[in-house]
Structure formats: structure tokens, C-alpha cells
Engineer: 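Mind looking over this structure? Questions follow.
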Amino acid sequence: MSWISVQQAITSPVGTRLTLKGWVRTNRESKADGGLCFVALSDGGCFDPIQCVVRGTLPNFADVQRLTTGCAIEVDGELVASQGKGQAVEVQVDGEKGGAVRIVGWVDHPDTYPVQNKRHTFEYLREVAHLRVRTNTFGAVARLRHCLSMAVHRFFHERGFFWVHTPIITGSDCEGAGQMFRVSTLDQVNPPRTPEGKCDYSQDFFGKESHLTVSGQLNVETYCCALSNVYTFGPTFRAENSNTARHLAEFWMIEPEMAFCDLMRDSQIAEEFIKYCVNAALTERPDDMKFFDERIEPGLIARLRHVLETPFRRLPYTEAVRILSDAAAKGKKFEYQVKWGADLQTEHERYLTEEHFKQPVILMNYPKDIKAFYMRLNDQGTDGAPGDTVAAMDVLVPKIGEIIGGSQREERLNYLDQRLEEMKLPAKEYWWYRDLRRYGTVPHAGFGLGFERLVLFVTGMANIRDVIPFPRAPKQAEF
RNA sequence: UCCCUGAUAGCUCAAUGGUAGAGCGAGCGGCUGUUAACCGCUAGGUUCCAGGUUCGAGUCCUGGUCGGGGAGCCA
């Protein structure tokens with residue numbers, strides 16, 4: 001009798017003798033046929049547990065009767081066609097036919113086991129994050145997360161991109177994306193002081209102030225300008241005091257960067273990328289996706305198929321403002337007024353993608369004053385814009401809003417320096433970034449995507465804290 | 001960080017300022033090729049924390065902690 005996974009077992013021919021190892025999901029007892037226990041067993045490898053029908057012929061049947069949700073066991077038995085409804089096959093465990101159940105780990109005090117055989121709220125399960133992955137929902141999320149991670153790497157690998165491990169710790173405080181976590185080995189209570197009384201970071205581990213990265217983009221651009229097509233996929237840290245269902249202090253980000261690439265091709269890759277990941281989830285994890293479709297977001301699979309079949313709608317920021325203004329004129333109520341030059345609010349993005357177009361939308365060419373210094377300046381009057389724009393794009397999807405933000409980068413040194421000066425950024429600090437524009441500069445473009453937001457989009461889960469194993473957020477670093 | 005809202009049994013929730021309750025889960029028993037099982041019994045409480053008002057506070061007031069919804073920042 002060989003040990004196989006539950007996934008392998010359910011696709012094995014009837015009559016196969018097998019050993020399974022896993023955890024009890026449920027245990028139901030019957031007095032029929034001289035005593036039976038129906039033990040649903042899961043090893044986490046697939047959505048459905050397998051039903052083990054344990055006969056009263058087992059010498060330790062009394063122990064089997066005492067099994068509760070969460071117990072770890074090993075089962076020897078034979079795969080048979082199920083007599084009951086609800087499953088095609090089940091494992092017959094009969095002591096007279098070599099069947100056995102070995103109890104590996106009991107659950108102490110079943111009445112206090114945090115993951116009971118009943119419906120729990122996600123908020124409660126977050127408090128027992130070490131055990132919540134044993135539930136249907138979080139098991140499915142974990143498998144989907146893996147599936148999407150593999151899809152990300154496969155997508156880029158198949159297209160000749162190289163995965164670049166950009167640093168987690170950065171000595172640059174000018175990555176330009178918000179609050180950073182400090183990394184220091186100095187005494188927090190009595191740090192060394194400079195003559196002016198400030199903290200003396202020259203005595204710190206790196207000899208200068210250092211932080212956790214908020215983006216690998218500037219670093220990965222250097223590899224882009226040698227390997228042509230590259231991407232990062234790693235942890236990212238933001239010390240923003242954001243308390244929402246869409247933000248984490250620690251999350252995983254994907255940032256492709258392509259040389260000899262303009263904004264239009266950038267947006268095409270972004271669209272292909274989203275569709276590739278959606279398709280991977282639907283084709284590789286139909287069991288989990290069926291569950292999300294039935295229990296988490298009714299209509300999810302239809303929504304995702306629509307995403308796959310429909311070309312993303314591309315339109316200039318300037319036109320989006322016109323559409324939103326027209327909607328407001330016709331009576332659509334927005335809390336914030338729409339006007340050219342201001343960033344679009346969440347309500348505006350949702351109107352465009354959920355009500356007006358009802359599909360993913362790519363907005364392009366934003367006013368330069370609301371975008372980062374490294375984005376490429378467009379020619380005046382691009383898309384009929386009344387002011388200067390940059391070659392930026394945001395991919396907006398229903399429910400999530402902005403899932404991707406990208407741009408063509410400014411490859412012309414004089415324009416880049418002008419932008420640094422306008423935004424009062426110290427050019428000296430960007431010396432190596434500027435070097436890329438001095439030595440064989442090329443047009444290049446890329447985008448950034450928050451991995452957990454992709455998982456939200458594909459699973460239909462509502463809170464980003466429920467699609468990462470151990471969420472880090474303000475006041476939240478347990479586990 | 002701002003606005004709104006909440007915290008009572010292991011979990012989900014009730015309880016006019018006047019004796020703390022149900023469903024589910026758990027334990028025991030009954031019934032049953034069961035599968036959201038069903039029926040009966042039992043156990044289970046510092047009502048988030050610290051103050052205050054009151055003869056009396058789960059309930060009212062003040063401050064805090066944490067959760068949820070929305071917003072901002074963003075991915």
C-alpha cells in the first residue's frame with residue numbers, strides 16, 4: 001500500500017489500495033452495518049477532502065469514533081465507488097481487509113479548537129491565522145496564490161524576461177513612493193549624536209540612513225538597460241498609515257521593465273499579463289475557482305471569462321475627464337468634482353470601469369504634475385490635453401480599481417534633470433539612475449502590480465488581509 | 001489619519017437602567033450509508049480595558065484598545 005495524495009487518490013482507479021495522510025475535516029458516525037465512521041480527510045493538496053468509510057472491524061474503532069475536526073491521521077484502505085451521494089469515490093477502511101487508521105495527532109480539548117466545523121467570519125479567522133489555512137476558503141486562497149505566483153514567473157520566462165532580485169534594504173531614501181521603514185542597528189534609546197544633536201547614522205550598520213524598499217523599479221531599470229527584458233517579484237514595504245481592505249504594510253510586487261519599449265507596448269504587455277494569470281487560475285485550479293464562484297463572489301467565473309474575452313478599453317486621461325464631466329452634467333453625483341489636472345478619485349475610477357465601460361480600462365497620458373519624476377514627458381497637446389502630460393498608464397478593473405500603474409520612463413537626461421529640479425529632488429542622490437541616461441540610453445517602459453490585488457481580483461475575496469498568509473498592517477504584526 | 005459603526009458563552013448574535021439568553025460548536029445518550037445530518041440532555045460568562053453618573057450599569061457619560069464599512073495615501 002503506497003502513500004499518495006488525496007488529489008492522486010480521487011483520480012485513481014477503483015480497487016486501488018492506498019495510504020493517505022492528512023487532517024480530519026469532519027467525522028460522522030453511524031450505527032449501520034455494525035458501526036461506521038465517515039471521516040472526511042484533507043491533506044490540503046486539493047479543494048475536496050476524501051471520505052473514508054471506517055468499519056467497526058478496526059481494533060481501535062473506539063479511537064476513530066473520538067476523532068474530531070483537526071486530528072492528524074494516516075489511513076490504509078481501498079478506493080471504491082461511493083454508495084452515498086456527494087462523492088464519486090471513497091476509501092473503504094475495513095479491518096478484515098487490511099484497513100487501518102493510525103492516529104498521529106489528537107486535538108486537545110476539541111471544544112476549544114479555534115477552527116470549528118462551522119461557518120466562521122474572516123475577521124475572527126484573522127486572529128487565528130496559524131490555523132485558518134485549514135479552512136476551505138483559506139486553503140483555496142493559498143493554492144490560488146501559488147498558482148498565480150507560478151503563472152507570473154511562467155509568463156515572463158516564456159517571453160524571455162529575466163527575474164532580477166532587487167535589494168530589500170535600500171540606502172536611498174528617494175525611491176519616491178511614500179513612507180519607509182527604517183533599518184538600523186543603533187541603540188534606539190541612546191543613539192550616537194552628531195555635533196548638531198541629530199542621530200548620527202554614519203555610525204549605523206550601513207554607515208548611512210537605510211530603509212526597507214518601497215519599490216524595486218529604479219534598481220531594475222539598470223538591469224533592463226543591459227538585459228532588455230527583466231522583472232522583479234518580491235516583498236515591498238510601505239509605512240503608510242493605511243487602514244483599508246486594499247493596503248498592506250508588507251506586500252509582494254511585480255515590476256517588469258522593458259527596453260526599446262513605448263507606452264503602448266507597455267500597456268499591451270500589461271493586458272496580456274492580466275489575462276494570462278486569469279486563464280491560469282481558471283484552467284489550473286477549477287476546484288478552488290468553483291468554490292470562489294459559489295461561495296465568495298457569485299458570478300466570479302463569468303466575470304473573469306468576460307475579462308479574458310474582451311480587449312481592454314484604452315483611453316486618454318483627458319477623455320476620461322470628459323466622460324466623467326458629462327456624467328456629472330447628466331446628474332451622476334460625485335463627492336469630488338472632476339477637473340483636468342486633478343487625480344481621479346476612487347469613485348471616478350469605479351464609475352468608469354464598473355458603470356460606464358463595465359470592463360477593464362487602461363487610462364493613459366496623465367497630467368505631469370500628479371505623476372512621478374521618472375515618467376516620460378509627452379509632446380504638448382497629446383490627446384488634445386490642455387496642459388503637459390506624461391506617458392503614464394493605469395489599468396483599472398471592476399471592484400479593485402487601480403491594479404496596475406506603469407509608464408514609459410524619461411530616457412532624455414535633460415528632461416529628467418528638469419523634472420528632478422521641478423520636484424525639488426536632489427539630482428546628486430540619483431547619480432547612478434542618471435548614468436543610465438548618459439551611457440547608451442534607450443526608450444524603456446514598465447509597470448508595477450501589487451500581487452495581493454491580483455489575488456483579490458481573481459478570487460473575489462474582499463479584504464487584502466485575507467489573501468496573504470500573515471498580514472502586516474498598522475497595529476498588526478502578530479504571527 | 002478623517003467620518004460612520006461595533007466589542008456579551010469556543011463562534012455568530014439577542015437582552016426598556018432592575019435575576020445573563022438563543023442558535024451553532026463541544027461532551028454524553030438516541031436514531032441514521034452519513035455528508036450544513038436529525039432528536040434529547042449537560043457543561044460553558046471578570047458582558048474589551050480604565051474611570052465616572054446612579055439605590056442599581058451589558059445598557060448612560062468620559063478616555064483608551066481593537067475590529068468592520070467608507071475616504072485619503074497608493075500597489
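Worth knowing before you read on, the calculation uses all heavy atoms, side chains too, and leaves out hydrogens, waters and symmetry mates. In what follows, chains are A, B, ... by sequence order, proteins preceding strands, each numbered from 1.
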Engineer: Answer yes or no on whether R303(A) is positioned over the face of F457(A), meaning its NZ or CZ is under 6.0 Å from the six-membered ring centre and within 45° of the axis.
Structural biologist: yes
Engineer: I would like to know whether Y276(A) and R159(A) meet side chain to side chain donor-acceptor pair (under 3.5 Å); could you show each step before the answer?
Structural biologist: CA-CA 12 Å; Y276(A) 186 96; R159(A) 284 159 184 74; 5.6 Å; no
Engineer: Looking at every heavy atom in both R143(A) and G45(A), which two are closest together, and how far apart are they?
Structural biologist: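 For R143(A) and G45(A), the tightest heavy-atom pair comes out as CD-O, 3.8 Å.
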Engineer: Take the angle between the ring planes of F273(A) and F155(A) and call it parallel below 30°, perpendicular above 60°, tilted in between.
Structural biologist: perpendicular
Engineer: With the side chain of D33(A) defined as its heavy atoms from C-beta on, choose the nearest nucleotide among rC11(B), rG33(B), rA71(B).
Structural biologist: rG33(B)
Engineer: For the side chain of N241(A), counting heavy atoms from C-beta on, which of rG25(B), rU1(B), rC73(B) is nearest?
Structural biologist: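 Nearest nucleotide to the side chain: rU1(B).
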Engineer: Is any side-chain N or O of H120(A) under 3.5 Å from a base N or O of rC11(B), one able to act as donor and the other as acceptor?
Structural biologist: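 No, the side chain and the base share no sub-3.5 Å donor-acceptor pair.
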Engineer: A quick test of your reading: do over 12 heavy atoms of other residues, nucleotides or ligands sit less than 6.0 Å from NE2 of H165(A)?
Structural biologist: yes
Engineer: Let me know, please, whether R119(A) or E90(A) comes out on the 5' side of the other along RNA chain B by nearest nucleotide.
Structural biologist: R119(A)
Engineer: For rC73(B), does the base pair up with any side-chain atom of S242(A) as donor and acceptor (N or O, under 3.5 Å, distance only)?
Structural biologist: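 For S242(A), whose side chain was compared with the base of rC73(B), there is a donor-acceptor pair (under 3.5 Å).
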Engineer: Could you give me the stems involving RNA chain B, meaning stretches of three or more consecutive Watson-Crick or G-U wobble pairs whose two defining distances are both below 3.5 Å?
Structural biologist: B:1-7 with B:65-71, B:10-13 with B:21-24, B:26-30 with B:38-42, B:48-52 with B:60-64
Engineer: As a test of reading the structure: which of rU32(B), rU34(B), rC74(B) is closest to the side chain of R28(A), going by heavy atoms?
Structural biologist: rU34(B)
Engineer: When only distance counts, do a donor and an acceptor, one from the side chain of Q116(A) and one from the base of rU12(B), lie under 3.5 Å apart?
Structural biologist: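 A donor-acceptor contact between them is absent.
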Engineer: Can you check whether T346(A) has a side-chain N or O nearer than 4.0 Å to OP1 or OP2 of rG72(B)?
Structural biologist: yes
Engineer: Less than 3.5 Å between a donor and an acceptor, one on the side chain of Q83(A) and one on the base of rG33(B), is that the case here?
Structural biologist: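 Under the 3.5 Å cut-off, the side chain and the base do form a donor-acceptor pair.
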Engineer: For E29(A), answer base if it contacts any base atom (sugar-phosphate contacts may also be present), sugar-phosphate if it contacts only those atoms, and nothing otherwise; contact means non-hydrogen atoms under 4.0 Å.
Structural biologist: base
Engineer: CZ of R295(A): more than 12 outside heavy atoms within 6.0 angstrom?
Structural biologist: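 No, because the 6.0 Å sphere around CZ of R295(A) holds 12 heavy atoms or fewer from other groups.
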Engineer: Does E347(A) reach a base, just sugar-phosphate, or nothing at all? Heavy atoms under 4.0 Å.
Structural biologist: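 E347(A): no heavy atom of the nucleic acid under 4.0 Å.
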Engineer: Centre of F312(A)'s six-membered ring, under 6.0 Å away, within 45 degrees of the axis: is that where NZ or CZ of R314(A) sits?
Structural biologist: no
Engineer: Counting side-chain heavy atoms from CB outward, which of rA71(B), rG33(B), rG27(B) is closest to N243(A)?
Structural biologist: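 The answer is rA71(B), which lies nearest to the side chain.
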Engineer: If you check every side-chain atom of E123(A), which of rU34(B), rG67(B), rG72(B) has the closest atom?
Structural biologist: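 Output: rG67(B).
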Engineer: For G405(A) and K475(A), take the nucleotide of RNA chain B holding the closest heavy atom to each; which residue's nucleotide lies nearer the 5' end?
Structural biologist: K475(A)
Engineer: Which heavy atom of F479(A) sits nearest a heavy atom of A129(A), and at what distance?
Structural biologist: CZ-N, 3.4 Å
Engineer: In terms of relative ring orientation, are F233(A) and W252(A) parallel, tilted or perpendicular, with 30° and 60° separating the classes?
Structural biologist: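 F233(A) and W252(A): perpendicular rings.
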Engineer: Taking only heavy atoms on the protein side, list every residue of residues 45-65 of chain A lying under 4.0 Å from any atom of RNA chain B, sorted numerically.
Structural biologist: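 Hits under 4.0 Å, by residue number: Q51(A), V53(A), R55(A).
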